[in-house]
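See below for the structure under consideration.
Because the structure is a prediction, the values reported are computed rather than measured. Every chain is numbered from 1, with letters handed out A, B, ... down the list of sequences. Computed from heavy atoms alone, side chains included, the values below leave out hydrogens, waters and symmetry copies.
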Amino acid sequence: MSDQIRIVVAGAERQVDAGATAADLFADDPTVIAARIGGDLVDLARALRDGDKVEPVEISSDDGRAILRHSTAHVLAQAVQELFGDAKLGIGPPVENGFYYDFDVAEPFTPEDLKHLEKQMQRIIKERQQFVRRPVSDDEARAELADEPYKLELIGLKGGAGDAEGASVEVGAGELTIYDNVRRGGEVAWKDLCRGPHLPTTKNIPAFKLMRVAGAYWRGSEKNPQLQRIYGTAWESKEAQQEYLDRLAEAERRDHRKLGTELDLFSFPEEIGSGLAVFHPKGGVLRKEMEDYSRRRHEDAGYEFVYTPHITKANLFEISGHLDWYAEGMYPPMHMDEERDADGNVRKAGQDYYLKPMNCPFHILIYRSRGRSYRELPLRMFEFGSVYRYEKSGVVHGLTRVRGMTQDDAHIFTTAERMREELADLLIFVLDLLKDYGLDDFYLELSTKNPDKYVGEDEVWDRATDTLREVATASGLELVPDPGGAAFYGPKISVQAKDAIGRTWQMSTIQLDFNLPELFELEYTAADGSRQRPIMIHRALFGSIERFVGVLTEHYAGAFPPWLSPVQVVGIPIADDHVPHLDQVAAKLREHGVRVEVDTSDDRMQKKIRTAQKQKVPYMLLAGDDDVSKGAVSFRYRDGSQKNGVPVDDAVAEIVDAVRRRVQI
RNA sequence: GCCCGAAUAGCUCAGCUGGUCAGAGCAACCGCCUUGUAAGCGGUAGGUCGUCGGUUCGAAUCCGACUUCGGGCUCCA
């Protein structure tokens, strides 16, 4: 077999012996752990064929990391079955930043179990077990995996293509394969149904860590049994893993729930109930600044302000369809005004009142309160409207998922002709405003019709979706499709913003609605005297104010730009004698609306600095004899830098200017 | 809603297998002290150990239910 075959390696043509493997091509580069042949990822052990186009896959590439993580998941599963003989295997795919593997075990795993499993995994890795691919027939696979009920189920699904998250990692659309983990002596230590590819050996796992255990439904459905899922992470180097762990630690430091307590912004009193926040004075300042600025911008953009109640009779939500579609997400009704006679018979039927989960029906009633002319469209109604949603108990989370929240909600009623222009303006308005709050890295998501859940005519959907897509494309931002992600009543664009450490948050949504104008029979009189139906646009910019406070807190790590800082300036006297001087400076700042405090406590100057620093106050103004004699103050900024002997008027001007321009410092 | 874990002073946490175990630091309050960029010193006060029930001679500690929180799953108009 000295025949030669011709292949293309990383773009360059080469001749190799027939029977050569991808491993032979990249033997001198240990960072290559798999290959891509003609677009398919394959093991390095794969034999090459004439004409193959081969690319190396480095362990630090996206594909390489996924393979690394998938292989690490296998090692975890092997360790689990070695330590817990009766554990049945679910699936174990790579995910962003790591992997998981699901197991059916009699007893849930404990944190100590994770430690033992990590040790066992280390042993397996040290043994340098080879991942060996072996094609099998369906029947062979069934015979070999007779003890693995979940795997058998997957075999039955083969070809049904990816209806379960992660399942496609185990069984592809083509032939089935089993991966044997082979010890150096040739003994098969373990095996798993898997499509691969895998690392050459377990020794190719440079760094991994088991992170946590959690319950997870088999194949993602509530109706299925719940398995125990172990999450882990794996990286191409110890350094890369440490960086990842550092990133997690940084996210933890920024956690708005923690900062909310430390900075005295808000809390969630148990007495009120899950998912219901109260804002303390400092959080109140922050929120008020956010709201005030938003109001001003909305005024400038031609919005009119409306106010509506928090509860309503059921009838409103019967008309709107909310009780049909979303009743389980609503707080249960309050039954009012029922009267009974002495025998307990109903004498007067009561009424059900609901807390509102959305503001739109109320705004619609305002629209419908009188006849409307095309001349007054687009009609833009804005409200900071509080809504209540009965979120399932397990999903409530800080300020980002609550049961009571205030939306910066607007509804725009427009003619079909004007829709496009209105949407284009709206998108610019939304992005501009978000930028003023300090978010400036966006992409857009276009959620289109869910074929199983929608109302309205296809033709209207298509036209609206096209319009949204055109407007989104014209913005120049990246547009990510979200097929089937639309609400039943219309397509939407959502603005996704990346924060300071690269996490994305869904912020604003701009949503078209063909349903409610129909259900409420909204009309306007057109120029030709005919009655026309307006199109309705829902849009919330912050999503909810609570959530936006949470996002901004994490984005800024609590160090808000001066205009949003609850306390903008703290005056710190070197000694008590310098207090009067700082009081004068503070008075000047207050004349300009600056939120300033002078720290007259008994603490020493150093301690006062520490206190202000921990509260992330943007400006510390110190004054001692030198400053007082010169009519000056000395700045200390949050980064620890200082600027000494600044004349008071200059200092005031600097601060006032930064607040006015809403810059971060 | 489901699985797992957690709940001790305003905050962060100690308190091992039930028997001086109700503690520490910070914060608060009261004194004393005070001159240049992240903690001066001393003292005082604070908790029915999330709630309710059970086991026990005895429960912060063991068991159950509930509440709330955390991590996931599912969900997110």
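Judged as a salt bridge (Lys or Arg N to Asp or Glu O under 4.0 Å), not a single pair has a partner in residues 600-614 of chain A (not counting sequence neighbours).
B:G36 and B:U51: their P atoms are spaced 49 Å apart (whole Å). Comparing B:G50 with B:C73, their C1' atoms are spaced 26 Å from each other, to the whole Å. Remark: the separation of the C1' atoms in B:G15 and B:C76 is 41 Å, to the nearest Å. Separating the P atom of B:A39 from that of B:C2 is a span of 50 Å, rounded to the nearest Å. Only the C1' atoms considered, B:U56 is 34 Å distant from B:U12, to the nearest whole Å. The same atom, C1', is picked in B:C57 and in B:G71; the two are 41 Å apart, to the nearest Å. Taking the C1' atom of each, B:C52 and B:A14 are spaced 27 Å apart, rounded to whole Å. Only the P atoms considered, B:G5 is 23 Å distant from B:A9, to the nearest whole Å.
Between the side chain of A:Tyr217 and the base of B:G1, a donor-acceptor pair under 3.5 Å is found. Evaluation of atom-type donor-acceptor distances gives no pair under 3.5 Å for the side chain of A:Arg610 against the base of B:C26. Side-chain atoms of A:Lys608 stay outside donor-acceptor range of the base of B:U37, with no qualifying N/O pair under 3.5 Å. One cannot find a donor-acceptor pair under 3.5 Å joining the base of B:G36 and the side-chain atoms of A:Asp625. The base of B:G10 lies outside donor-acceptor range of the side chain of A:Thr261, with no N or O pair under 3.5 Å.
The residue among A:Gln228 and A:Gln606 whose nearest nucleotide of RNA chain B lies closer to the 5′ end is A:Gln228.
One finds a side-chain N or O of A:Arg257 lying less than 4.0 angstrom from the OP1 or OP2 phosphate oxygen of B:G70. Note on A:Arg636: a side-chain N or O is less than 4.0 Å away from OP1 or OP2 of B:A38. Dashed line: the shortest gap from a side-chain N or O of A:Tyr454 to OP1 or OP2 of B:A77 is not under 4.0 Å. For B:G71, the OP1/OP2 oxygens have a side-chain nitrogen or oxygen of A:His397 closer than 4.0 Å. At B:G1, one or more side-chain N or O atoms of A:Ser393 fall inside 4.0 Å of OP1 or OP2 (strictly under the cut-off). Phosphate contact (OP1/OP2 of B:C69, side-chain N/O of A:Ser274, threshold under 4.0 Å): present. Phosphate contact (OP1/OP2 of B:G72, side-chain N/O of A:Arg212, threshold under 4.0 Å): present.
Nucleic acid contact for A:Gln613: base, since at least one base atom lies under 4.0 Å from a heavy atom of the residue. Residue contacts for A:Tyr489: at a heavy-atom cut-off of 4.0 Å it reaches the sugar-phosphate backbone alone, with no base atom in range. Across all strands, A:Asp603 comes closer than 4.0 Å to no nucleic acid atom at all (heavy-atom distances). Residue-level contact check: A:Gly398 touches the backbone only, with heavy atoms under 4.0 Å from sugar-phosphate atoms and none from bases. Contacts of A:Pro357 with the nucleic acid, taken as non-hydrogen atoms under 4.0 Å apart, include base atoms.
Base pairing analysis places B:G40 opposite B:C32; the two distances defining the Watson-Crick or G-U wobble pair are each below 3.5 Å. Across all strands shown, B:U67 is found opposite B:A7 as a Watson-Crick or G-U wobble partner, with both distances under 3.5 Å. When both distances must be under 3.5 Å, the Watson-Crick or G-U wobble mate of B:A60 does not exist. Pair assignment for B:C21: none, as no Watson-Crick or G-U wobble contacts are both less than 3.5 Å.
Stacking of A:Arg69 on the aromatic ring of A:Phe99 is not recorded, the 6.0 Å distance cut-off and the 45° axial limit not both being met.
For A:Tyr231 and A:Arg229, the side-chain atoms include at least one donor-acceptor pair closer than 3.5 Å.
For A:Ala214, counting side-chain heavy atoms from C-beta on, the closest listed nucleotide (B:G1, B:U37, B:G72) is B:G72. Minimum atom distance to the side chain of A:Asp626 is reached by B:G36, of the listed B:U35, B:C73, B:G36. With distances taken from any side-chain atom of A:Ile574 to the nucleotides B:U35, B:U74, B:G72, the minimum falls on B:U35. For A:Asp602, whose side chain is taken as the heavy atoms from C-beta onward, the closest listed nucleotide among B:C73, B:C33, B:G36 is B:C33. Among the nucleotides B:C3, B:U37, B:U68, the one closest to the side chain of A:Gln226 is B:C3. Considering only side-chain atoms of A:Lys607, the nucleotide from B:A38, B:C73, B:A27 that sits closest is B:A27. Residue A:Gln511 places its side chain closer to B:A77 than to any other of B:A77, B:U37, B:U34.
Taking NE2 of A:His538 as the start and CG of A:Asp409 as the end, the distance is 8.5 Å to the nearest 0.5 Å.
A glycosidic torsion no more than 90° from 0 defines the syn conformation; B:G40 lies beyond that range and is anti.
Checked against the 6.0 Å centroid criterion, the rings of A:Trp218 and A:Tyr150 qualify as a close aromatic pair. Annotation: A:Tyr489 is not in aromatic contact with A:Tyr454 [ring centroid separation under 6.0 Å not met].
By the neighbour-count criterion of 12 heavy atoms within 6.0 Å, atom NZ of A:Lys88 is densely surrounded, having more than that number from other residues, nucleotides or ligands. Heavy-atom neighbours of A:Tyr390 OH from other residues, nucleotides or ligands within 6.0 Å: at or below the threshold of 12.
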